[in-house]
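Quick note: residue numbers are just sequence positions, from 1. Note that these values count all heavy atoms, side chains included, but never hydrogens, waters or copies made by symmetry.
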Amino acid sequence: MGCVSGGASTQQANGPTPRFDVLVYSQTNGFRHRPAIAAGVPAIQQLGQRHNFDVVATEDSTVFTTANLADYEVVIFLNTTGDVLNATQQTALERYVEGGGGWVGVHSAADTEYEWPWYGELVGAYFKSHPPGTPEATILVSDRVFPATRHLPARWQKVDEWYDYQTNPRDSVHVLMALDVDSYEGNTMTHDHPIAWAHEVGNGRAFYTGLGYTDASYTDPLFLQHLLGGLQWAAGVV
């Protein structure tokens, strides 16, 4: 199982969350989750206003330089798809994360950069397929301590688009939630179906959630707290 580092320091736990900076990247080169991106960007900006972090949103890949990325504690791939960075930009992201930066992937971040092996390790698993529509399913929350899941019930009913992945990431990441595959139709993985996880990459931290396809997710308090906890953990502030 992948390793994740421990909780916040005493100062962070008892005082206000330190201020930090987030880059939200939502470039697509394939299917575009237009409603989710349109809802997700302002939702993350509002989270920042309430929880002491600044947000810059872009679809300009030229921001991926070593100098620019040094200004951010977290980079979020918000429903990216396809090939969204060139080789030089890829190297900048690798150096950023390996050097201690945080990365968060939302939903189709797993449908991104299939030809970049390092990214495959970063995201944890690539998208394979999904059943039609957005059925309601039961999420089994296996970690009730991690910042992205400690607020959730043990069994969480959620409507979303449920990804199957090309591989099961469990051996290389710390799984936070999995799907109850008997609660919906169309699963093509085994009964062990992780849907959100976290792990360390070099000196950096990576958090991925398969949720976030529906625009309604970005007004759902449980999902927003899930996303907030993940990005705060990736930033190293909780």
Student: What closest approach, in Å, do N29 and D83 show between heavy atoms, and which atom pair accounts for it?
Tutor: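 Reported closest heavy-atom pair: ND2-O, 3.4 Å.
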
Student: Enter the distance from M177:CE to H193:NE2 here, rounded to the nearest 0.5 Å.
Tutor: 11.0 Å

Student: Considering only heavy atoms from C-beta outward, does the side chain of T58 approach that of L23 to under 4.5 Å?
Tutor: yes

Student: If you count the non-hydrogen atoms of other residues, nucleotides and ligands that lie under 6.0 Å from CD in Q157, is the total more than 12?
Tutor: yes

Student: Out of curiosity, Q46 CD to L228 CG, how far, rounded to the nearest 0.5 Å?
Tutor: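 Result: 13.0 Å between the selected atoms.
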
Student: Does any donor atom in the side chain of T134 or E161 lie under 3.5 Å from an acceptor atom in the other side chain?
Tutor: no

Student: Does the side chain of L222 reach to within under 4.5 Å of the side chain of H226, using non-hydrogen atoms?
Tutor: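 SC-SC contact between L222 and H226 ruled out.
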
Student: Please assess T112 against V123 for the test side-chain contact (heavy atoms from CB on, under 4.5 Å), listing each intermediate value before the final yes or no.
Tutor: CA-CA 9 Å; T112 301; V123 70; over 6 Å; no

Student: Within a radius of less than 6.0 Å around CZ of R95, do more than 12 heavy atoms belonging to other residues, nucleotides or ligands occur?
Tutor: no

Student: Do the ring planes of F53 and F20 sit parallel (below 30°), tilted (30 to 60°) or perpendicular (above 60°)?
Tutor: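 Aromatic pair F53/F20 classed parallel.
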
Student: With no hydrogens and no angle check, is any side-chain donor or acceptor of Q232 less than 3.5 Å from a backbone partner on V237?
Tutor: no

Student: Answer yes if V201 and Y96 sit in the same cluster of Ile, Leu, Val, Met, Phe, Trp and Tyr residues linked by side chain heavy atoms under 4.5 Å apart, and no otherwise.
Tutor: yes

Student: Could you give me the CA-CA distance, side-chain angles and deciding distance for Q90 and W118, then say whether side-chain contact (heavy atoms from CB on, under 4.5 Å) is met?
Tutor: CA-CA 9 Å; Q90 290 174 357; W118 181 87; over 6 Å; no

Student: Taking all heavy atoms of V84 and all of Q89, pick out the closest pair and write down the distance.
Tutor: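 What the structure gives for the nearest pair is O-OE1, 4.4 Å.
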
Student: What closest approach, in Å, do L224 and A43 show between heavy atoms, and which atom pair accounts for it?
Tutor: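 Nearest heavy atoms, L224 then A43: CD2-CB, 4.1 Å.
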
Student: So, S108 side chain and T81 main chain: donor-acceptor pair closer than 3.5 Å or not?
Tutor: no

Student: Distance from Y208 atom OH to L176 atom CG, nearest 0.5 Å?
Tutor: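 CG of L176 is found 12.5 Å from OH of Y208.
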
Student: Do the side chain of W197 and the main chain of A206 share a donor and acceptor less than 3.5 angstrom apart?
Tutor: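 Answer holds: no.
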
Student: Go through the steps for L122 and W116 under the test side-chain contact (heavy atoms from CB on, under 4.5 Å), then give the verdict.
Tutor: CA-CA 10 Å; L122 176 73; W116 181 11; over 6 Å; no

Student: What distance do Y25 atom OH and D60 atom CG have between them, rounded to the nearest 0.5 Å?
Tutor: 7.5 Å

Student: How many angstroms lie between NE2 in H191 and CG in D182, if you round to the nearest 0.5 Å?
Tutor: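 Result: 4.0 Å between the selected atoms.
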
Student: What pair of heavy atoms forms the shortest contact from S129 to T188, and how long is it?
Tutor: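 For S129 versus T188, the nearest heavy atoms are OG-OG1, 3.8 Å.
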
Student: Is Y72 linked to L47 within one hydrophobic cluster, defined over Ile, Leu, Val, Met, Phe, Trp and Tyr using a side-chain heavy-atom separation of less than 4.5 Å?
Tutor: yes

Student: Using the rule that two of Ile, Leu, Val, Met, Phe, Trp, Tyr join whenever any of their side-chain heavy atoms come within less than 4.5 Å, decide whether L179 and V159 are in one cluster.
Tutor: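 No; V159 is not reachable from L179 via cluster members.
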
Student: When clusters are formed by joining ILVMFWY residues with side-chain heavy atoms under 4.5 Å apart, either directly or through shared neighbours, do V175 and L140 land in the same one?
Tutor: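 No: no chain of side-chain contacts under 4.5 Å links V175 to L140.
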
Student: Quick check: closest heavy atoms across V74 and A234, and the distance to 0.1 Å?
Tutor: CG2-C, 4.0 Å

Student: Can you name the side chain to side chain donor-acceptor pair (under 3.5 Å) partners of N168, sequence neighbours left out?
Tutor: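 Per chain and number, N168 pairs via side chain to side chain donor-acceptor pair (under 3.5 Å) with D192.
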
Student: Distance-only, no hydrogens or angles: does the Q166 side chain make a donor-acceptor pair with backbone N or O of K128 under 3.5 Å?
Tutor: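 Not confirmed, Q166 side chain does not pair with K128 backbone.
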
Student: Tell me if a side-chain donor or acceptor on T80 pairs with a main-chain N or O of F77 at a distance below 3.5 Å.
Tutor: no

Student: Would you call the rings of F31 and H33 parallel, tilted or perpendicular, where under 30° means parallel and over 60° means perpendicular?
Tutor: perpendicular

Student: Does R34 have more than 12 heavy atoms from other residues, nucleotides or ligands lying within 6.0 Å of its CZ?
Tutor: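 12 or below, so no.
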
Student: Strictly by modelled atom types, are D160 and T214 linked by a side-chain donor-acceptor pair under 3.5 Å?
Tutor: no

Student: Check for a donor-acceptor pair, side chain of Y163 on one end and backbone N or O of D111 on the other, with a separation under 3.5 Å.
Tutor: no

Student: Check the angle between the aromatic planes of Y218 and F223 and answer parallel, tilted or perpendicular using the 30° and 60° thresholds.
Tutor: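 It falls in the perpendicular class, over 60°.
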
Student: Answer with yes or no whether the hydrophobic clustering places V104 together with V63; edges join I, L, V, M, F, W, Y residues whose side-chain heavy atoms lie under 4.5 Å apart.
Tutor: yes

Student: Rounded to the nearest 0.5 Å, what's the gap from CD1 on I195 to CD1 on I139? Could you check?
Tutor: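 Spacing of CD1 (I195) from CD1 (I139) equals 7.0 Å.
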
Student: Under 3.5 Å, side chain of Y126 to main-chain N/O of E113, donor-acceptor pair present?
Tutor: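 Flag set: sc Y126 to bb E113 pair under 3.5 Å.
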
Student: Please step through side-chain contact (heavy atoms from CB on, under 4.5 Å) for the pair I37 and R32, ending with a clear verdict.
Tutor: CA-CA 8 Å; I37 292 171; R32 185 171 180 84; 3.9 Å; yes

Student: Mind listing the closest non-hydrogen atom pair of R205 and G236 along with its distance?
Tutor: NH1-CA, 3.7 Å

Student: Could you tell me how the ring of W162 sits relative to the ring of Y184: parallel (under 30°), tilted (30 to 60°) or perpendicular (over 60°)?
Tutor: tilted

